[in-house]
Amino acid sequence: MKAQRLVEIIGSDFYSGVPDSQLKPLCNYLMDYYGIDTRHHIIAANEGNCTALAAGYYLATGRTAVVYMQNSGEGNVINPVASLLNDKVYGIPVLFIIGWRGEPGIPDEPQHIFQGEVTLMLLEQMGISYFVIQKETSEEEVYMAMEKFRRQMQEGKQAAFVIRKGALTYEREQEYQNTYPLVREQVIERIAEEAGADLVISTTGKASRELYEIRERKEQGHRCDFLTVGSMGHASSIALGVAVNQPHQKVWCIDGDGAAIMHMGALAVIGASKPTNLIHIILNNEAHETVGGMPTVGSSIDFPGVARACGYPYTVCVNDMDALTRELHEARRDQKLRLIEVKCAVGSRKDLGRPATAAKDNKKQFMDYIKEQEVRRQ
């Protein structure tokens with residue numbers, strides 16, 4: 001069905017969400033209709049943040065807000081749903097729109113498989129009524145489901161529309177861009193060159209896909225890379241866990257602005273720990289590019305300033321290749337926790353592939369490589 005009709009049937013005037021490729025038609029419509037407007041549409045840090053915003057909207061207006069997200073975000077909403085929204089606590093109604101990645105029977109990436117299997121189960125466990133929208137679903141069916149939801153939400157309950165692949169349409173494509181000259185894949189290639197045989201932890205999405213293809217093209221293998229294909233926002237914490245337990249190894253974390261924002265508290269923990277062998281690089285294109293390009297709040301964040309306030313002893317922002325090369329070279333030889341923000345353009349190759357290595361194989365190769373390095377040092 002058309003995204004516009006779904007919005008009209010729902011009848012809410014406040015949406016908050018984390019973009020999802022399955023919900024791209026809805027996201028594009030909201031950007032066309034509202035843009036980024038704090039009174040009507042906020043792209044939030046994570047799905048729990050969205051849920052709390054929706055609660056605040058209800059408390060202030062008495063009206064029900066809508067939270068949109070990929071089903072991977074269900075984990076982030078469990079706490080506010082159970083301890084804030086639930087009718088045994090405050091009884092705050094919220095309507096969720098959830099893109100169903102990894103739906104059983106539909107081929108998808110490994111990080112979505114288990115999440116897809118438990119999507120409806122998690123909603124049931126949280127006491128959230130749901131209705132699944134597919135390509136064949138009529139507007140009348142959606143209207144009737146929404147009428148049922150309205151009655152439930154009047155009692156302080158929550159409900160969800162779960163969106164199957166291809167179920168929503170919107171006729172206009174949004175084009176997202178910025179003016180930064182650096183291309184992310186070229187930046188990652190330069191990082192990989194400087195890192196050499198060091199350990200690299202890369203964030204979910206196109207950054208890991210590009211790192212994988214760079215290694216393939218150069219026939220370097222993937223043993224020193226851990227590709228964080230899911231678990232958005234946690235690559236830097238994984239890198240911290242590796243760095244403090246492998247103090248003789250240099251560890252490079254290739255992060256993204258959306259991921260860093262999603263769990264920004266990790267910066268405080270990293271800054272307090274101060275591992276001297278960790279280099280934290282945030283590739284900031286101010287967009288959720290992997291799922292369609294909708295903007296993050298990365299354009300208004302001083303990542304180096306935040307990191308300094310969190311205890312990072314050295315932080316810098318670069319937006320050209322010469323400056324990037326200097327900073328990477330200095331980071332390689334120095335023994336100091338560093339954050340390097342790299343301003344990048346939105347965009348990637350049309351023929352960008354996906355890792356052919358299974359996630360478990362990537363894990364095993366990475367761990368075996370660390371063990372081999374330990375043996376060499378003995």
Side-chain angles (χ1 to χ4, degrees), residues 3 7 10 12-24 26-61 63-85 90 92-99 101 115 126 128 158 160-161 163 174 176 203-205 230-236 255-268 282 284-303 306:
V7 170
I10 290 170
S12 176
D13 68 349
F14 182 78
Y15 284 73
S16 182
V18 175
D20 168 45
S21 56
Q22 207 107 304
L23 301 180
K24 189 176 179 182
L26 173 66
C27 295
N28 283 340
Y29 173 75
L30 292 174
M31 287 299 294
D32 262 351
Y33 191 74
Y34 289 126
I36 302 298
D37 178 346
T38 54
R39 293 193 63 188
H40 297 289
H41 180 219
I42 297 177
I43 298 174
N46 60 56
E47 296 80 3
N49 181 199
C50 300
T51 304
L53 282 166
Y57 173 83
Y58 174 80
L59 292 172
T61 67
R63 298 191 296 271
T64 301
V66 180
V67 168
Y68 62 87
M69 62 182 184
Q70 186 182 109
N71 54 344
S72 61
E74 284 183 311
N76 283 334
V77 306
I78 288 174
N79 177 264
V81 167
S83 62
L84 174 66
L85 305 186
Y90 292 105
I92 296 176
V94 170
L95 179 67
F96 295 95
I97 301 178
I98 303 172
R101 295 296 304 269
Q115 183 69 56
M126 289 188 286
I128 299 176
Q158 302 79 47
F161 284 118
I163 311 298
Q174 283 274 357
Y176 302 100
T203 189
T204 188
S231 194
M232 182 173 170
H234 293 300
S236 63
D255 212 347
D257 55 305
I261 292 165
M262 180 167 279
H263 294 295
M264 194 174 283
L267 291 174
I282 297 178
N284 184 6
N285 63 1
E286 303 171 1
H288 286 286
E289 188 185 335
T290 299
V291 290
M294 288 180 74
T296 68
V297 292
S299 61
S300 62
I301 295 176
D302 176 7
F303 280 111
V306 172

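These numbers come from a predicted model, not from an experiment.
- Looking at residues two or more places apart in sequence or on another chain, you find a side-chain hydrogen bond (donor to acceptor under 3.5 Å, both in side chains) between Ser72 and Gln70.
- Among residues two or more places apart in sequence or in another chain, the ring-ring contact (aromatic ring centres under 6.0 Å, His included) test is passed with Tyr29 by Tyr33, Tyr170.
- Considering only residues two or more places apart in sequence or on other chains, Gln22 meets the side-chain hydrogen bond (donor to acceptor under 3.5 Å, both in side chains) condition with none of them.
- Residue pairs meeting the side chain to side chain donor-acceptor pair (under 3.5 Å) criterion with at least one member in residues 290-303, sequence neighbours excluded, are Asp257-Thr296.
- Looking at residues two or more places apart in sequence or on another chain, you find a side chain to side chain contact (heavy atoms under 4.5 Å, CB included) between Ala45 and Asn49, Ile261.
- Using cut-offs of 30° and 60° on the angle between ring planes, the pair Tyr34 and His40 is parallel.
- Screening Val18, Val94, Asn76 against Cys50 for a side chain to side chain contact (heavy atoms under 4.5 Å, CB included) leaves a single residue, Val18.
- Qualifying side chain to side chain contact (heavy atoms under 4.5 Å, CB included) partners for Pro295, counting only residues two or more places apart in sequence or in other chains: Met31, Ile36, Ile43, Tyr176.
- Scanning for salt bridge (charged side-chain N to carboxylate O under 4.0 Å, His left out) contacts around Glu47 gives an empty result, with sequence neighbours left out.
- Annotation: salt bridge (charged side-chain N to carboxylate O under 4.0 Å, His left out) contacts of Asp37 (sequence neighbours excluded): none.
- Every residue two or more places apart in sequence or in another chain that forms a side chain to side chain contact (heavy atoms under 4.5 Å, CB included) with Thr204 is listed here: Met232.
- With sequence neighbours left out, the ring-ring contact (aromatic ring centres under 6.0 Å, His included) criterion links Phe161 to Phe149.
- Here the options are Ile10, Asp20, Val67, the test is side chain to side chain contact (heavy atoms under 4.5 Å, CB included), and the partner is Ile97; only Ile10 passes.
- For Ala65, the side chain to side chain contact (heavy atoms under 4.5 Å, CB included) partners are Phe14, Ala54, Tyr57, not counting sequence neighbours.
- Among residues two or more places apart in sequence or in another chain, the side-chain hydrogen bond (donor to acceptor under 3.5 Å, both in side chains) test is passed with Ser21 by Arg101.
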